[in-house]
Amino acid sequence: MLEANSDPTLLFVLGSIGLLLFGAIGYGIYTTVGPKSGELRDTIKEHARMHELGIAHGHNKGEANHIHLKEVLKKEDKTSNVNKVINENQSQSIK
């Protein structure tokens with residue numbers, strides 16, 4: 001007949017692995033839907049947008065090419081606002 005193993009080491013190891021696994025899953029869910037989930041960035045979408053703008057990968061090894069899309073969009077917004085003002089001033093000066 002088979003004897004029951006009374007050594008608690010296997011139970012301790014499996015319990016520890018299970019606890020770590022469920023803890024990591026719980027933390028991931030909390031991070032995804034928790035109070036700070038609005039601060040998360042979608043890096044894949046951001047990278048795709050940078051490809052569309054042609055700035056995703058720098059080709060000069062001497063330059064730092066780590067740019068976040070938020071910085072680029074802020075520059076675009078400032079540039080578009082400046083262009084609007086310039087166009088308004090030009091149209092007023094023509095009239």
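Quick caveat: nothing in here was measured; it's all calculated off a predicted structure.
I25 CD1: more than 12 foreign heavy atoms inside a 6.0 Å radius.
Heavy atoms only, all atoms of each residue included: T31 and L40 are closest at O-CD1, 3.6 Å. In this structure, T32 and G28 approach most closely via the heavy-atom pair OG1-O, 2.7 Å.
Within the model, atoms OG of S16 and CG of L11 stand 9.0 Å from one another, a figure rounded to the nearest 0.5 Å.
Between Y30 and Y27, the ring planes lie tilted relative to each other; the angle falls in the 30° to 60° range.
In the hydrophobic clustering, L14 connects to L10, either directly or through intervening members, whenever side-chain heavy atoms lie under 4.5 Å apart.
With sequence neighbours excluded, the residues that form a side-chain hydrogen bond (donor to acceptor under 3.5 Å, both in side chains) with T9 are D7.
Ion pairing of R49 with E52 is present here, as a side-chain N (NZ or NE/NH1/NH2) and a carboxylate O approach within less than 4.0 Å.
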